A.B. asks: 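Following this message is one structure expressed as structure tokens.
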Amino acid sequence: MLNLKFIQDKPELVIEKLKRKNFDASEIVKNIINLYRQKNVLQGQADRVRSEMNKISKKVGLLFREGKAEEANIAKARTIELKENIKQYDIDFAEIEKSIYKLQVQLPNLPHESVPLGKGEDDNEVVKSVGEFPELGGKALPHWELAQKYNLIDFELGVKLTGAGFPVYRGKGARLQRALINFFLDQAREASYEEIQPPLMVNEASGFGTGQLPDKEGQMYHVGIDNLYLIPTAEVPVTNIYRDVILDAKNLPYKNTAYSACFRREAGSYGKDVRGLNRLHQFDKVEIVQIAHPEKSYEVLDEMVKHVESLVVKLELPYRILRLCSGDISFTSALTFDFEVYSAAQKKWLEVSSVSNFESFQANRLKLRFREEGVKRPQLAHTLNGSALALPRIVAALLENNQTKEGIKIPKVLVPYTGFEIID
RNA sequence: GGAGAGUUGCCGGAGUGGUCGAACGGGGCAGUCUCGAAAACUGUUGUACCUUCGGGUACCGGGGGUUCGAAUCCCUCACUCUCCGCCA
């Protein structure tokens, strides 16, 4: 959510920058500024009436105490009209605020200067591309067949137990999952992220804080009887730790990591890239989150990108880093780097991480602020997060890329975690 | 699931109709004292919005009501805690 004052101060900037996101904000911005002016006028008037009301009330109290009941009653009579006024002001004011809010949440975050112009995913900028595609010859199997061959993942069983998109990992498949989770968490801890084990369900306020609610409600599983939502990512509970909080500037940045299962309804995405592990309703992910000082947040973003890169390097996967273009970047993000690994049997790039700086867009909604020494007013902090990493597509690439006649080779770095070197 | 208690500022906790943005204690910050520190003493210490920059307004879990006036009374919702039952 963009800051109201900012919109009012720099409407042209907002419109110009959102144009890059292919979003025409001119009408909304105009309306917001209009309503904002009205709101201020209204508040001025309402406050004056309230002020008078308060004065009279005080006077009435005094008069009664002095036994001047008659004078008191005269004063009382005057309040009848004022009361009506206040009531009406309250109604109008609430309405105008609601209108502003409705418009405000429609505006996406402004893209960072470095975001390349573009219409969609084809226009993303490849920042770097590292590693050779493995030569597998003609008999390479896609991961869903490997998973079956070595009895690692049972998709059919998942359908029986729950439904499509809920695979059952077993044997070395299950152990590989656990190994990856521990590996990622250990790496994050070494990069001084504090580990969090968050709830897997959140309340409405949290869903709202990170922007899943009210609009993207359909993406989350809703537990109606208790009005809770299954988290689509650990970002939701972890970032909401800082909701309604004023941090001390000298403690920034705050760094957290969390492993969690993630639940996504993925409504409307049936039929496309859904084979095997490519798109699931439940999957595992380790997330990293940082709360940063506005002046430092792009350094922090850089650091997070490097951290994620170190993971794919250690896993010996061919990868590339994309700087998302203005047409592909998410609603809430100012700058996003995607990580893709190459899955050699499917012969395609799979997105395994998305690292973003939201600047103050999330913080504004979360009321996440920090206080700087010597500065009276708290300021909005910047929030950043990234996957480090999402498991299923990593597993897909590992299985496909490392298949040999003897079996599937486990990358060296993972062996201490899996306890085995090969799946055969 | 049954019964009860509660939700006040950074924390503890008082306040049951007016002078309460809120006693008191703790914590934080600043000062005095000290070579320095501790102790003691003194002061200070919420957020948001509006402003003609004098000031004004709102907020004591959320919403609604009564009243000239509500942290305080009434209604309603949410949450938390305790005991019993059940249970990983």
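Quick caveat: nothing in here was measured; it's all calculated off a predicted structure. Below, chain A is the first sequence line, B the second, and so on; all start at residue 1.
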A.B. asks: To the nearest angstrom, how far is A:Lys83 atom NZ from B:G65 atom P?
C.D. replies: 11 Å
A.B. asks: Identify whether NZ of Lys or CZ of Arg in A:Lys172 sits under 6.0 Å from the centre of the six-membered ring of A:Tyr150 and within 45° of that ring's axis.
C.D. replies: no
A.B. asks: Output the rounded distance in Å from CG (A:Asp248) to C1' (B:C29).
C.D. replies: 12 Å
A.B. asks: Can you tell me if A:Ser51 touches the phosphate of B:U57, counting only side-chain N or O atoms and a distance under 4.0 Å to OP1 or OP2?
C.D. replies: yes
A.B. asks: When you get a sec, tell me which of B:C68, B:G46, B:C49 is the closest nucleotide to the side chain of A:Thr79?
C.D. replies: B:C68
A.B. asks: Using whole Å, report how far NZ of A:Lys59 lies from P of B:U19.
C.D. replies: 17 Å
A.B. asks: Can you measure from CG (A:Leu200) to CG (A:Leu228) and round to the nearest 0.5 angstrom?
C.D. replies: 11.5 Å
A.B. asks: Do any side-chain nitrogens or oxygens of A:Asn54 fall under 4.0 Å of OP1 or OP2 in B:G56?
C.D. replies: no
A.B. asks: Looking only at the side chain of A:Met53 (C-beta and beyond, no hydrogens), which of the listed nucleotides B:C49, B:G56, B:C68 gets closest?
C.D. replies: B:C68
A.B. asks: Using the P atom on both, measure B:C53 against B:U66 and round to a whole Å.
C.D. replies: 38 Å
A.B. asks: For atom P, what is the distance between B:C75 and B:G4, given to the nearest Å?
C.D. replies: 16 Å
A.B. asks: Step by step, work out the side-chain hydrogen bond (donor to acceptor under 3.5 Å, both in side chains) result for A:His293 and A:Glu372.
C.D. replies: CA-CA 10 Å; A:His293 192 286; A:Glu372 198 133 34; 3.2 Å; yes
A.B. asks: Take the protein atom CD of A:Glu373 and the nucleotide atom C1' of B:U45, then report the distance between them rounded to whole Å.
C.D. replies: 14 Å
A.B. asks: Between A:Gln8 (CD) and B:U51 (C1'), how many Å, whole number?
C.D. replies: 14 Å
A.B. asks: Whole angstrom is fine here: how far is it from CZ in A:Phe208 over to P in B:G62?
C.D. replies: 16 Å
A.B. asks: Kindly compute the distance separating CZ (A:Phe358) from CG (A:Asn385), expressed to the nearest 0.5 Å.
C.D. replies: 4.0 Å
A.B. asks: Which whole-number value in Å describes the distance from A:Glu52 CD to B:G55 C1'?
C.D. replies: 16 Å
